[in-house]
Amino acid sequence: MKIVAEGLGVSAGRTAILDDISLRLLPGQFIGILGPSGSGKSTLLTALSGRRPYQKGEVLYDDGPMLGRPGETIGFVPQDDVLHTALKTERLLTYSARLQLPEKSKAELKKMIDLILRSVGLEDRKTTRVKRLSGGQRKRVSIAQELLLSPRALFLDEPTSGLDPELERSVMKLCARLAKEGRLIVMTTHIMESIELFDRLLILVAGKTAFFGTPQEALVFFGVEDMNHIYLLLAKKEAGRFPEKYRTSLLYRKYLKG
């Protein structure tokens, strides 16, 4: 699924949360949304996924408006897992599938769930109760739930927050693989250890686009050798200059106006 935002603006009262955001997100891309706290990351994620209204601009999905419910084409994994932890993994997915896909037979559901469990690396945890899974495994269950409807795009809000480095890496690799299968995967994050897995980074400052491009291009744009140093720059008062610097750069014309 291709998602294009043009001049997107979201406000709360007189306060602008997002200001003039334009993006082109393509199928098969793994997109990371970064920025300091309060920069508008989660707001942008919900607006792009059709789960939050916006006051300015427009968002197009394959060059048209959203048709039907967002969940039919765009999966959404919130930061906090919403799971019935007393259930076994396979049973939880079976209940979710029956609610969302009542027209499918038991045999069809079982085949589909087996495929999804293999896809997210949980085939050996199908009879384990969710409360006994690790944090990374529970996040995989949340992703598996969203894959039941075979969404063409998947949005995740801070999915690796609170995970240890090994579990964080495993979730990031899973999302990168889902993108390589042809889905658009969009994720907010503040963890920098696996940044190189993203195809594109969107960095926000005070609700504006400070950068959009590849991780390597981000290092050059901000003039640093380590991604963690970008956050140090964004914490300074002069961080407000980056949106204008980006708008006048070749990267802006390459990715947003090409």
Side-chain angles (χ1 to χ4, degrees), residues 2-26 29-49 52-60 79 155-161 168 172 184-258:
K2 179 176 73 172
I3 297 180
V4 175
E6 294 286 354
L8 188 65
V10 175
S11 301
R14 296 183 178 180
T15 302
I17 303 174
L18 297 176
D19 183 15
D20 194 23
I21 301 292
S22 295
L23 289 171
R24 283 168 175 75
L25 310 180
L26 304 176
Q29 289 183 337
F30 185 21
I31 309 291
I33 301 178
L34 292 77
S37 296
S39 59
K41 298 187 298 296
S42 294
T43 298
L44 179 58
L45 199 73
T46 52
L48 289 175
S49 62
R52 180 180 183 128
Y54 45 87
Q55 287 74 45
K56 296 180 180 179
E58 64 178 349
V59 181
L60 300 177
Q79 183 172 347
F155 285 65
L156 306 98
D157 193 6
E158 299 275 5
T160 60
S161 180
E168 181 268 339
M172 290 289 288
L184 169 62
I185 308 294
V186 185
M187 172 192 296
T188 62
T189 186
H190 63 275
I191 298 174
M192 313 299 283
E193 281 73 8
S194 301
I195 286 295
E196 80 282 355
L197 292 176
F198 287 118
D199 297 303
R200 300 285 186 273
L201 296 179
L202 168 66
I203 299 178
L204 297 175
V205 171
K208 297 181 179 181
T209 300
F211 173 82
F212 183 73
T214 68
Q216 188 59 41
E217 288 169 334
L219 296 177
V220 176
F221 178 82
F222 288 99
V224 298
E225 295 182 359
D226 186 289
M227 291 297 300
N228 287 295
H229 293 158
I230 292 178
Y231 267 93
L232 297 178
L233 292 176
L234 298 180
K236 296 181 178 180
K237 290 183 179 180
E238 57 267 28
R241 67 185 174 87
F242 288 120
E244 181 59 28
K245 177 183 176 181
Y246 183 75
R247 186 175 286 273
T248 58
S249 71
L250 293 175
L251 291 172
Y252 179 78
R253 291 193 286 275
K254 175 181 178 180
Y255 290 116
L256 303 185
K257 292 299 179 182

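When side chains are defined from C-beta on, Phe155 counts as touching Ile3, because their heavy atoms get closer than 4.5 Å. You'll find the side chain of Phe221 reaches within 4.5 Å of the side chain of Leu251, heavy atoms only. Residues His190 and Ser161 have side chains in contact (heavy-atom distance under 4.5 Å, counting atoms from C-beta outward). Within the 4.5 Å cutoff, no side-chain heavy atoms of Thr46 are placed close to those of Val10. With a 4.5 Å cut-off on side-chain heavy atoms, Ile17 and Arg52 count as touching. Here the side chains of Leu44 and Leu8 are in contact, with some heavy-atom distance below 4.5 Å.
For Glu225, the CD atom sits in a loose shell: 12 or fewer heavy atoms of surrounding residues, nucleotides or ligands are nearer than 6.0 Å.
Checking side-chain atoms of Lys41 against main-chain N and O of Met187 turns up no donor-acceptor pair under 3.5 Å. A donor-acceptor pair under 3.5 Å is absent between the side-chain atoms of Thr188 and the main chain of Ile33, judged by distance alone. Side-chain N or O atoms of Arg24 include one that pairs as donor or acceptor with a backbone N or O of Leu256 at under 3.5 Å.
Atom CD1 of Ile195 and atom CE of Met172 lie 6.0 Å apart (nearest 0.5 Å). Put simply, OG1 on Thr189 and CG on Asp157 are 10.0 Å apart, with the number rounded to the nearest 0.5 Å. Within the model, atoms CG of Leu34 and CG of Leu234 stand 9.0 Å from one another, a figure rounded to the nearest 0.5 Å. Atom CD of Gln79 sits about 11.5 Å away from atom CG of Leu156, to the nearest 0.5 Å.
Using bins of under 30°, 30° to 60° and over 60° for the plane-to-plane angle, the ring pair Tyr252/Tyr246 lands in the perpendicular bin.
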Pairs of donor and acceptor atoms involving the side chains of residues 200-215, under 3.5 Å and at least two apart or interchain, shall be tabulated with distances.
unit_1 : atom_1 : unit_2 : atom_2 : d
Thr214 : OG1    : Glu217 : N      : 3.1
Thr214 : OG1    : Glu217 : OE1    : 3.2

